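To keep things clear, I will list the structure first and then write my remarks on it.
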Amino acid sequence: MRTLVIDSATEACSVALFDGDNLVAGEFRMLGRGHAEALVPMISALPERGRADCIAVALGPGSFTGVRVGLATARALALAWGAETRGYSSLAMIASMARAEHGEVPVAVAMTGGHGEWFTQGFAPNGDTTRPLASLKPDVAAQASTEALVAGNQAKALVDKRGNGDALEIWPDARAFARLPQQAFLADLHPVYGREPDAKLPLAKQV
């Protein structure tokens, strides 16, 4: 079965086409912004324009815009192709990439969140969650993490604040999809924002 993987939940944007567990082709770009403009051309550049039986998409946490762009694209292509869809955790992807490089060890993930906070989560050597996803101020995040290995784009900053550990500065990459453990896949295909939205409707309108 062929799987198209879409990961646009962070500053990075990547796509990959897999045949089973074998990577057919993929691309990774550090964009910061502009995911909506870049994502579809990146998919179109894949063999057979990325057409697949299954589409896997990063659900976050990360950028509100990036998460929604990836999910909307995955849903649209799935409808057009009659493909299945699967969602996975962005932080679990980073943890699996860290384990691939450092072996089966506990991993703390630290990624840029909003309002100066970091998204953090702890993972066991087998990929199980040991600390739930949280959006924390840097000082609190440093105190909460006990794993020696820290991965993510805020890994070095967290290790520096903590004063110990090894930092692996990486971003999620669709080309590493085959490394994801089963626990990384989420039951509901909905965005994982990791924190409350900045703006909320008045209570009467919410009801």
Side-chain angles (χ1 to χ4, degrees), residues 1 3 5-10 12 14 16 18 20-23 54-63 66-67 70-71 74 84-114 117-159 161-162 164-196:
M1 183 175 71
T3 302
V5 187
I6 298 172
D7 201 312
S8 62
T10 66
S14 58
F18 282 82
D21 289 335
N22 298 315
L23 176 64
C54 177
I55 302 172
V57 59
L59 298 178
S63 150
V67 169
L71 183 53
E84 300 175 10
T85 52
R86 305 180 76 187
Y88 64 87
S89 159
S90 303
L91 301 195
M93 171 68 86
I94 292 171
S96 69
M97 292 168 64
R99 290 193 302 273
E101 186 166 332
H102 287 263
E104 295 185 354
V105 296
V107 181
V109 177
M111 292 292 291
T112 300
E117 295 186 344
W118 295 342
F119 293 125
T120 66
Q121 194 168 0
F123 295 89
N126 68 347
D128 286 344
T129 298
T130 54
R131 284 185 294 106
L133 169 64
S135 182
L136 304 172
K137 294 294 185 184
D139 289 341
V140 178
Q143 293 172 6
S145 65
T146 57
E147 299 85 356
L149 178 61
V150 184
N153 71 332
Q154 294 295 347
K156 185 177 184 304
L158 189 148
V159 167
K161 275 191 171 294
R162 200 172 63 181
N164 62 78
D166 298 313
L168 179 62
E169 289 193 296
I170 54 174
W171 282 257
D173 188 340
R175 297 172 298 179
F177 175 75
R179 299 169 180 166
L180 274 176
Q182 194 61 37
Q183 305 94 302
F185 294 99
L186 305 173
D188 296 321
L189 201 68
H190 293 99
V192 178
Y193 291 128
R195 60 183 174 85
E196 293 296 318

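Fair warning: this is a prediction, and the values are worked out from it, not measured in the lab.
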- request: Report the C-alpha distance between Arg175 and Ser14 in whole Å, list the side-chain angles of each, state the deciding distance to 0.1 Å, and finish with yes or no for side-chain hydrogen bond (donor to acceptor under 3.5 Å, both in side chains).
  value: CA-CA 8 Å; Arg175 297 172 298 179; Ser14 58; over 6 Å; no
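- Closest heavy-atom contact between Phe119 and Gly62: CE1-N, 3.8 Å.
- Distance CD1/Ile6 to CG/Leu71: 9.0 Å, rounded to 0.5 Å.
- Smallest separation of non-hydrogen atoms from Ala167 and Val159: CB-CG2, 3.9 Å.
- Atom CD of residue Glu147 and atom OG1 of residue Thr120 lie 9.0 Å apart, to the nearest 0.5 angstrom.
- Within 6.0 Å of the CD atom in Glu104, the count of heavy atoms belonging to other residues, nucleotides or ligands does not exceed 12.
- Contact annotation: the side chain of Cys54 never approaches that of Thr85 to less than 4.5 Å [non-hydrogen atoms, C-beta and beyond].
- Here the shortest heavy-atom pairing between Leu158 and Ala141 reads CD1-O, 4.0 Å.
- In this structure, the side chains of Phe123 and Leu91 come closer than 4.5 Å at one or more pairs of heavy atoms.
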message: One pair to check against side chain to side chain contact (heavy atoms under 4.5 Å, CB included): Tyr88 and Val57. What are the steps and the verdict?
response: CA-CA 6 Å; Tyr88 64 87; Val57 59; 5.6 Å; no
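- Counting all heavy atoms, side chain and backbone alike, Lys161 lies closest to Ala142 at CB-CB, 4.0 Å.
- Between Phe18 and Phe177, the ring planes are tilted. Angles from 30° to 60° get that label.
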- prompt: So Glu84 and Ile55, side chain to side chain contact (heavy atoms under 4.5 Å, CB included) or not? Walk me through it.
  reply: CA-CA 6 Å; Glu84 300 175 10; Ile55 302 172; over 6 Å; no
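- Interatomic distance, Arg179 CZ to Asp173 CG, rounded to the nearest 0.5 Å: 8.0 Å.
- A donor-acceptor distance shorter than 3.5 angstrom exists from the side chain of Asn153 to the backbone of Thr112, with no hydrogens or angles considered.
- From Leu180, atom CG reaches atom CE of Met97 across 10.0 Å, with rounding to the nearest 0.5 Å.
- Summarising the geometry, atom CG belonging to Asn164 is positioned 10.0 Å from atom OG1 belonging to Thr146; distances are rounded to the nearest 0.5 Å.
- At least one side-chain heavy atom of Val150 sits under 4.5 Å from a side-chain heavy atom of Arg162.
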- request: Would you check, one step at a time, whether the test side chain to side chain contact (heavy atoms under 4.5 Å, CB included) holds for Glu117 with Leu136?
  value: CA-CA 5 Å; Glu117 295 186 344; Leu136 304 172; 5.8 Å; no
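- Taking every heavy atom of both residues into account, Arg99 and Val107 meet most closely at CG-CG2, 3.9 Å.
- In this structure, the side chain of Thr129 does not engage the main chain of Arg131 through any donor-acceptor pair within 3.5 Å.
- A side-chain donor-acceptor contact under 3.5 Å links Thr130 to the backbone of Gly122.
- Val192 has its side chain out of reach of Ser89: every pair of non-hydrogen atoms, C-beta onward, lies at least 4.5 Å apart.
- Under a 3.5 Å cut-off, the side chain of Thr10 and the backbone N or O of Ala12 do form a donor-acceptor pair.
- Residues Ala58 and Ala9 come closest through the heavy atom pair CB-CB, 4.3 Å.
- No donor-acceptor pair under 3.5 Å is formed between the side chain of Glu101 and the backbone N or O of Ser96.
- Pro61 places none of its side-chain heavy atoms less than 4.5 Å from the side chain of Tyr193.
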field: Check against side chain to side chain contact (heavy atoms under 4.5 Å, CB included), Met111 and Gln154
entry: CA-CA 5 Å; Met111 292 292 291; Gln154 294 295 347; 5.7 Å; no
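- Open room surrounds CG on Asp21; 12 or fewer heavy atoms of other groups in view lie less than 6.0 Å from it.
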